[in-house]
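Working notes for the structure below.
The first residue of the sequence shown is numbered 1, and numbering continues consecutively from there.
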Amino acid sequence: MDAPTERTRVKRMNKRAAYDAETVHGILDATPICNVGYVFDGSPYVTPTLQWREGDHVYWHGSSASRMLEACTEAQVCLTVSIIDGFVMARSAYNHSCNYRSLMVLGTAHKVTDPAEKEASLKSFTEGLWPGRWDMLRQMTAKELKATTVLKLSLEEASAKVRTGAPGDDEEDYALPIWAGVIPVRTEVLAPEDDPRLMAGLKPPPHITDFKFG
């Protein structure tokens, strides 16, 4: 599949490139963490934040007073996601690498202005991570909704890059008595910890005890 635009075409190690929706969506759905690049007052910034996907758009949110969100609204941005799956240990320093899934999305970020759509997006974010939690929470107030900005970015201009597998050593190096292989990496979710002010007798629901991602 070809790159959607010239500026998203992977040039270095292009055999690792992927532009299909299944790969792009899969990377976004595998982790809630992203980095958003933008320009504020003529200077470049990159801000880490949480993201979620709905169809062919990626969303992020924050305070309505956020400098980042203000700078991103109706402006060109670059959103990236990176997941390390393993450290690739070769027989030479030059051939060391890592197994990873990465994604870059370019385009104009748009503010979700309709209150009902904004609340539905925030519900989608919450339910995507912890199914069943939204309906058990105190209802969001109009003031809280107004104080929250939600931005969305089309996935039309996106490119992924993925590496998997063993080291790629020079042929003559395979005869060297040096250990080589992959150190797998994964995100581990630990047991939940109660709020010190939790009401007595309350147990975490399944969407807490069974929580996982990656």
Side-chain angles (χ1 to χ4, degrees), residues 1-38 44-61 72 76-109 121 124-125 127-131 151-171 173-174 178-190 210-214:
M1 184 177 180
D2 292 334
T5 62
E6 185 57 33
R7 67 175 181 169
T8 54
R9 185 181 305 281
V10 175
K11 298 176 176 63
R12 173 65 180 160
M13 300 297 289
N14 56 18
K15 65 182 180 181
R16 299 178 184 173
Y19 308 103
D20 61 287
E22 182 179 3
T23 302
V24 169
H25 293 178
I27 293 172
L28 287 168
D29 295 345
T31 178
I33 302 169
C34 73
N35 290 279
V36 180
Y38 56 97
Y45 291 84
V46 177
T47 300
T49 188
L50 298 179
Q51 60 79 22
W52 68 99
R53 183 184 65 84
E54 295 180 45
D56 58 358
H57 284 80
V58 59
Y59 291 73
W60 66 102
H61 78 297
C72 289
Q76 284 284 302
V77 301
C78 178
L79 183 147
T80 64
V81 171
S82 299
I83 304 169
I84 294 180
D85 294 316
F87 293 103
V88 180
M89 315 300 290
R91 294 165 179 83
S92 69
Y94 181 80
N95 285 323
H96 276 59
S97 185
C98 66
N99 287 337
Y100 61 88
R101 290 164 284 163
S102 64
L103 175 69
M104 181 176 69
V105 187
L106 298 168
T108 301
S121 292
S124 176
F125 170 49
E127 288 294 297
L129 287 171
W130 310 286
L151 295 183
K152 67 178 180 179
L153 177 65
S154 171
L155 296 174
E156 181 180 3
E157 198 172 0
S159 62
K161 197 172 180 182
V162 179
R163 189 202 189 280
T164 60
D169 272 308
D170 296 347
E171 190 60 37
D173 289 346
Y174 285 98
I178 302 170
W179 187 91
V182 176
I183 304 172
V185 174
R186 67 180 181 185
T187 300
E188 184 180 8
V189 177
L190 304 179
D210 298 339
F211 174 73
K212 62 182 178 179
F213 68 89

Residues Tyr19 and Ser159: closest non-hydrogen pair is CE2-CB, 3.5 Å

For Val105 and Ser154, work out which heavy atoms get closest and say how close. CG1-O, 3.4 Å

Report yes if the side chains of Leu103 and Thr80 come closer than 4.5 Å at any heavy-atom pair, otherwise no. no

Pair Tyr38, Thr47: side-chain N/O donor-acceptor within cut-off below 3.5 Å: yes

Ignoring hydrogens, what is the shortest heavy-atom contact between Gly165 and Asn99? Give both atom names and the distance. O-ND2, 3.1 Å

Do side-chain atoms of His96 reach the backbone of Ser92 as a donor and acceptor pair under 3.5 angstrom? yes

Regarding Lys152 and Glu54, does a basic nitrogen lie under 4.0 Å from an acidic carboxylate oxygen? no

Smallest separation among heavy atoms of Ala30 and Ile83, with atom names: CB-CD1, 3.8 Å

Determine whether His57 and Leu155 make a side-chain contact, defined as any pair of heavy atoms from C-beta on separated by less than 4.5 Å. no

Any non-hydrogen side-chain atom of Val185 less than 4.5 Å from a side-chain atom of Asp85? no

Do the non-hydrogen side-chain atoms of Val81 and Ser102 ever get within less than 4.5 Å of each other? no

Can a donor-acceptor pair be found, under 3.5 Å and without considering hydrogens, that links the side chain of Arg12 to the backbone of Asn14? no

Working for side-chain contact (heavy atoms from CB on, under 4.5 Å), residues Arg163 and Val88: CA-CA 10 Å; Arg163 189 202 189 280; Val88 180; 3.5 Å; yes

Side chain Arg186, main chain Glu188, donor-acceptor under 3.5 Å: no

Closest non-hydrogen atom pair between Glu157 and Thr5, with its separation: OE2-OG1, 2.7 Å

Evaluate side-chain contact (heavy atoms from CB on, under 4.5 Å) for Asp56 paired with Glu156, printing each intermediate quantity in order. CA-CA 7 Å; Asp56 58 358; Glu156 181 180 3; over 6 Å; no

Does Thr31 offer a backbone N or O that forms a donor-acceptor pair with the side chain of Gln51 under 3.5 Å? yes

For side-chain contact (heavy atoms from CB on, under 4.5 Å), just list the numbers for Val182 and Met89, CA-CA rounded to whole Å, side-chain angles, deciding distance to a tenth of an Å, and then say yes or no. CA-CA 6 Å; Val182 176; Met89 315 300 290; over 6 Å; no

Classify the ring geometry of Tyr59 against Trp52: parallel below 30°, tilted from 30° to 60°, perpendicular beyond 60°. parallel

For the SG atom of Cys78 and the CG atom of Leu153, what is their distance to the nearest 0.5 Å? 9.0 Å

Which heavy atom of Val36 sits nearest to which heavy atom of Cys72, and what is that distance? CG1-SG, 3.8 Å

How about NZ on Lys15, more than 12 heavy atoms from neighbouring residues, nucleotides or ligands closer than 6.0 Å, or not? no

Rounded to the nearest 0.5 Å, what separation is found between the CG atom of Asn35 and the OG atom of Ser82? 7.5 Å

I want to check something: taking the side chain as every heavy atom from C-beta on, are Asp210 and Trp130 in contact at a cut-off of under 4.5 Å? no

Check: Leu106 main-chain N/O paired with Gln76 side-chain donor or acceptor under 3.5 Å: no

Begin with the C-alpha distance, continue with both residues' side-chain angles, and end with the deciding distance and a verdict on side-chain contact (heavy atoms from CB on, under 4.5 Å) for Met104 and Lys161. CA-CA 9 Å; Met104 181 176 69; Lys161 197 172 180 182; over 6 Å; no

Just so I know, are the side chains of Leu50 and Ile33 near enough to count as touching, which here means a heavy-atom distance under 4.5 Å? yes

Which distance, rounded to the nearest 0.5 Å, do you find between the OH of Tyr100 and the CD1 of Ile84? 11.0 Å

